[in-house]
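First the structure, in the form of structure tokens, and then the observations on it.
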Amino acid sequence: MMPNRLVTATFVAALAVPLVAQAAAAQPTDRGAPDTLRAAAPEGFVIGSAVAGGGHHSEQPYPDPFTSDAPYRDVLASEFSSVSAENQMKWEYLHPERDRYEFGMADAIVSFAEQHGQAVRGHTLLWHSQNPEWLDNGDFSADELREILREHIMTVVGRYAGRIQQWDVANEIFDDSGNLRTAENIWLRELGPTIIADAFRWAHEADPEAELFFNDFGVEGVNAKSDAYYALIKDLQAQGVPVHGFSAQAHLSIEYGFPADLEENLRRFDELGLATAITELDVRMILPDNGVPTDAQLAQQADYYRRTLVACLNVDGCDSFTIWGCTDKYSWVPVTFPEEGAATVMWDGFVRKPAYFALRDTLAQTRDNR
């Protein structure tokens, strides 16, 4: 996701309070409905969505989606067996001041997931973007920065130990040419590449049961960027660093060709003994002047969703598949790509698109054939 300034921690905490109360009083959602994504999924395969909130949402003419939109929460609960915080676990949200954390929204998401029998993916611990101003503009020594990162990881991962199954530990650390983002990433710039291994070690110490991932966009196929991850992970494995997974975000567009070597790429990481995952799938398109996608565009979008899912299903270690939001109403795409949109599997009113049925039918066929 692209960086956006977030709402104040006080506002976030105020929104979270009523949701926690609702969660405590509500009854678990019926997870047996036969026509949902989670019901169609094969045993052991989790189908997830990002939980809308923070980021671009704070700039839109609607209240925070997760805390204010009950029908939206119903869809999250009924359709998905996994959730990821879209922005609410990023540094800017969780750690707005050096000596202060704001866990209200993250706590609410984890509690919601537990009530509805869902796994949680934690996102993210070490990243160049969406850091708080006190960190980006601070005057810290290398030793101070290292301790700040260690304390953050130990605090955040430790708080949710046993409750968050997978963490994106290092996010988007390479550029498209496969070079480390040493200019953009404060941790790499000030502490050097060895901080990557430290971050994984600290996360593992804080929760030895959690699966720890590298996560990035533009790594769907075999290319310079995914090659860089492959080489780095092999090196870290040789050092005994607890790296457990590699995930491709899969922010795709029908304006570009589908990454036909996605399955091949996931398989080579699987052969290193890693879990693999699709973590942020959406498929955007340039909209016609009337703002309504054509049937041909929707069919191509559905094909991209289906092919991404098939690639994951065909790799033994790929058992976590997350779409980056379920409804166009709350999608980040039109904010970041003003001429593009319609990137998710549901229209604004949660009406299912062809892409939704492509996912559901593929899941059901795979389940029935296993």
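- Aromatic ring centres of Tyr330 and Tyr62: separated by under 6.0 Å.
- Exactly one of Phe217, Tyr230, Tyr229 qualifies for a ring-ring contact (aromatic ring centres under 6.0 Å, His included) with Phe174. That residue is Tyr229.
- Under the 4.5 Å side-chain contact rule for hydrophobic residues, Trp167 and Val241 share a cluster.
- Among all heavy-atom pairs drawn from Gln130 and Lys90, the shortest one is OE1-NZ, 3.3 Å.
- By the disulfide bond (SG atoms under 2.5 Å apart) test, Cys312 is found to be paired with Cys318, residues two or more places apart in sequence or in another chain being considered.
- In this structure, Asp175 CG and Leu180 CG are separated by 8.5 Å, a value rounded to the nearest 0.5 Å.
- Formation of a donor-acceptor pair under 3.5 Å by the Glu220 side chain with backbone atoms of Ala250 is found in this model.
- No more than 12 heavy atoms of other residues, nucleotides or ligands lie within 6.0 Å of CG in Asp295, so this atom counts as exposed by the packing criterion.
- With hydrogens and angles disregarded, no donor-acceptor distance shorter than 3.5 Å links the side chain of Arg181 to the backbone of Ile173.
- Just one of Tyr304, Trp332, Phe337, Tyr256 meets the ring-ring contact (aromatic ring centres under 6.0 Å, His included) condition when paired with His251; it is Trp332.
- Here the side chain of Ser81 pairs a donor or acceptor atom with the backbone of Ile47 at under 3.5 angstrom.
- With Glu264 contributing its side chain and Asp261 its backbone, the two residues share no donor-acceptor pair below 3.5 Å.
- Between the side chain of Ser58 and the main chain of Gly55, a donor-acceptor pair closer than 3.5 Å is present.
- By the 6.0 Å contact criterion, CD on Gln239 is enclosed, its count of non-hydrogen atoms from other residues, nucleotides or ligands being greater than 12.
- The two residues Ser320 and Phe45 make their nearest non-hydrogen contact at N-CE1, 4.5 Å.
- Exactly one of Leu125, Val157, Thr124 qualifies for a side-chain contact (heavy atoms from CB on, under 4.5 Å) with Val169. That residue is Leu125.
- Residues Asp361 and Gln365 have side chains that never bring a donor and an acceptor to within less than 3.5 angstrom of each other.
- For the pair Thr366 and Leu309, the minimum side-chain heavy-atom distance is 4.5 Å or more.
- Proximity of a side-chain donor or acceptor of Glu92 to a complementary backbone N or O of Gly54 within less than 3.5 Å is not detected.
- For Thr182 against Arg189, the heavy-atom pair with the smallest separation is O-CB, 2.8 Å.
- Salt bridge status for Lys225 with Asp176: present, with a side-chain N to carboxylate O gap under 4.0 Å.
- Summarising the local packing, CD of Glu255 is surrounded by more than 12 heavy atoms from other residues, nucleotides or ligands at distances under 6.0 Å.
- For the pair Glu211 (side chain) and Gln166 (backbone), a donor-acceptor distance under 3.5 Å is absent.
- Among all heavy-atom pairs drawn from Val283 and Gln301, the shortest one is O-NE2, 2.8 Å.
- The pair Glu114-Arg163 meets the salt-bridge criterion, since a charged nitrogen lies less than 4.0 angstrom from a carboxylate oxygen.
- With Phe213 as the aromatic partner, Arg121 meets the cation-pi criteria of under 6.0 angstrom to the ring centre and within 45 degrees of the ring axis.
- Between Asp198 and Arg201, at least one side-chain N (NZ, or NE/NH1/NH2) sits under 4.0 Å from a carboxylate O, which counts as a salt bridge.
- Formation of a donor-acceptor pair under 3.5 Å by the Lys329 side chain with backbone atoms of Pro65 is not found in this model.
- Judged by distance alone, with hydrogens and angles left aside, the side-chain atoms of His152 form no donor-acceptor pair with the main-chain N or O of Thr155 at under 3.5 Å.
- In the model, Thr344 has no side-chain atom that pairs as donor or acceptor with a side-chain atom of Asp282 under 3.5 Å.
- Taking the six-membered ring for Trp and the full ring otherwise, the centers of Tyr72 and Phe66 sit at least 6.0 Å from each other.
- Between Tyr356 and Phe350, the ring centre distance reaches or exceeds 6.0 Å.
- In this structure, Ser226 and Arg268 approach most closely via the heavy-atom pair OG-NH2, 3.0 Å.
- Checking side-chain atoms of His56 against main-chain N and O of Ser331 turns up a donor-acceptor pair under 3.5 Å.
- Taking CD1 of Ile254 as the reference point, atom CD of Gln300 lies at 4.5 Å (rounded to 0.5 Å).
- Salt-bridge annotation for Arg267 and Glu271: absent, with no side-chain N of the basic residue lying under 4.0 Å from a carboxylate O of the acidic one.
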